[in-house]
Asker: 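Next up is a structure, given as structure tokens.
Everything numeric in this text was worked out from a predicted model, so none of it was measured. Just so you know, ligand 1 is whichever comes first in the structure, and atom 1 is the first atom listed for that ligand.
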Amino acid sequence: MDKKTAYQLAKEQYASLGVDTDIAIKKAKQIPLSVHCWQGDDVVGFESQQSLLSGGGILSTGAYPGRAENIDQLAQDIDKAFSLIPGAKKLALHAMYGDFKGEKIDRNQIEPQHFDWWLHWAKQSGHGLDFNPTLFSHPKQAQGYTLASMDKGVRDFWIEHVARSRKIAAYLGAGLHQVCINNIWIPDGEKDVTPSRLVHRKHLLESLDAIFSESLPRSQLLDAVESKLFGIGYEYYTPGSNEFYLLYAARKNIAITFDTGHFHPTELVSDKISAALLFLPAILLHISRGVRWDSDHVPVLSQEIVDIMAEVKRNDAFDRVHLGTDFFDGSINRVGAWVLGARTVAKALLYAHLEPTKQLSAYEQEGNLFARLALFENLKTMPFSAVWNQYLETENVTDDRGWIQEILNYEQEVLTKRNAG
Ligand code: RNT
Ligand code: ZN
């Protein structure tokens with residue numbers, strides 16, 4: 001059966017449930033996905049060519065050849081990856097990915113001009129930008145603490161860095177005439193039992209207050225804070241836990257970032273969204289796949305990712321829930337990993353838009369909970385792939401039959417000619 005006929009039949013089948021597939025495609029493609037830049041080089045950045053320093057609370061494993069080593073290579077890989085991802089896109093930068101031109105610019109010296117290269121790239125390519133201060137892979141983080149440190153000098157250094165990050169994000173937002181999210185994640189934590197949790201959390205609170213003391217236009221900048229249960233080497237606790245940041249975000253009326261790898265495996269982000277939406281202006285999602293722990297594997301189409309997207313769609317909240325990816329796998333083709341993870345999110349987004357929410361709610365209101373469950377189950381064998389292929393076609397993006405080979409060709413033509421792994 002040709003693609004067109006397959007789509008027509010799928011369209012009819014979804015229509016019988018009250019779902020218009022053309023509208024679903026149109027809506028899905030307008031929702032921007034903020035794709036993280038750090039998958040392309042195993043979170044190394046352009047300050048030096050060191051691998052992710054241990055003791056930073058996160059870890060990238062694998063030495064697959066072809067890692068991007070500079071801004072041109074990273075952008076080349078991003079362009080390739082973006083050409084295979086349908087829908088609106090932003091690129092999430094980290095402060096260590098500035099265009100430093102070989103100069104040693106410390107974290108408390110970063111300026112908007114260091115990101116002009118990316119601003120230009122974004123304008124040229126029509127994509128948005130988001131930002132993250134980088135509080136790891138640095139000697140001033142070596143004692144395990146940054147904004148929550150007992151050492152005022154260390155805290156002040158990082159307050160300066162994050163304050164500058166906010167200004168850079170606002171600058172990028174102004175340049176692109178759209179909101180740029182500045183997402184703060186700190187690696188801080190303790191490997192083993194400490195009597196000082198409250199003191200550290202008090203320091204974190206005061207550091208954040210100092211950072212947010214400058215008000216910047218909301219039309220350019222959305223502040224977000226990312227919670228985490230534990231980090232590698234910081235298993236005992238992290239001051240930036242979910243309770244801490246949820247309460248802080250509510251007090252400051254800023255966004256919480258939910259990373260799908262940052263919770264106990266039985267805790268689900270899909271269940272947190274509706275709670276946070278009642279108290280906070282916005283949510284940023286970091287979609288990753290934790291395998292047994294916060295391992296940052298490449299996302300695949302899991303029930304949880306589908307549930308997250310469905311939750312946002314049901315509440316018509318895509319203007320407040322911002323989609324982002326956050327994973328890093330250096331053991332497989334990195335561009336392929338990027339595309340696979342981002343296509344997964346795009347698929348889940350489309351899948352959510354094909355949900356006959358009205359019909360499901362109607363069954364519920366009638367008290368017909370059998371029919372509600374049965375319809376959810378029927379949806380799993382609906383001809384989703386035909387609609388997905390149609391979506392890719394409308395975006396001029398290679399379909400599922402062709403994209404793997406396109407990645408393999410890029411590996412042969414570009415990646416294998418590089419030195420780094
Ligand atoms: C770490 C957080 C954070 C980082 C990036 C690189 O656990 O998820 O978002 O992955 O800042
Ligand atoms: Zn994250």
Asker: Take the Zn ion (ligand 2) and tell me which protein N, O or S atoms are nearer than 2.8 Å.
Answerer: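 Under 2.8 Å from the Zn ion (ligand 2) - ignoring waters, which are not counted - the protein N, O or S atoms are E226 OE2, D259 OD2, H286 ND1, D326 OD2.
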
Asker: Is K228 close enough and on-axis enough to Y234, meaning under 6.0 Å and within 45°, for cation-pi?
Answerer: no

Asker: Can a donor-acceptor pair be found, under 3.5 Å and without considering hydrogens, that links the side chain of E235 to the backbone of F230?
Answerer: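 Between the backbone of F230 and the side chain of E235 there is no qualifying donor-acceptor contact (under 3.5 Å).
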
Asker: How would you list, by chain and number, the residues with a heavy atom under 4.0 angstrom from ligand 1?
Answerer: W38, I58, H94, F136, W185, E226, K228, D259, H262, H286, D294, D326, F328

Asker: Identify the residue among Q141, E47, H161 that makes a side chain to side chain donor-acceptor pair (under 3.5 Å) with R107.
Answerer: E47

Asker: Test your reading of the model: is there a side-chain donor-acceptor pair from S125 to the backbone of W121, 3.5 Å cut-off?
Answerer: yes

Asker: Could you tell me if Q405 and N409 have a donor-acceptor pair between their side chains, going purely by distance under 3.5 Å?
Answerer: yes

Asker: Please answer whether the main-chain N or O of L349 pairs with a side-chain N or O of H353 as donor and acceptor at a distance below 3.5 Å.
Answerer: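 Yes.
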
Asker: Does the side chain of D326 come under 3.5 Å of the side chain of W38 through a donor N or O and an acceptor N or O?
Answerer: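 A donor-acceptor contact under 3.5 Å links the two side chains.
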
Asker: So F115 and F100, would you call those rings parallel, tilted or perpendicular, with 30° and 60° as cut-offs?
Answerer: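 Geometry flag for F100 against F115: perpendicular rings.
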
Asker: Between N132 and L93, is there a donor-acceptor pair closer than 3.5 Å when you use the side chain of the first and the backbone of the second?
Answerer: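 Between the backbone of L93 and the side chain of N132 there is a qualifying donor-acceptor contact (under 3.5 Å).
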
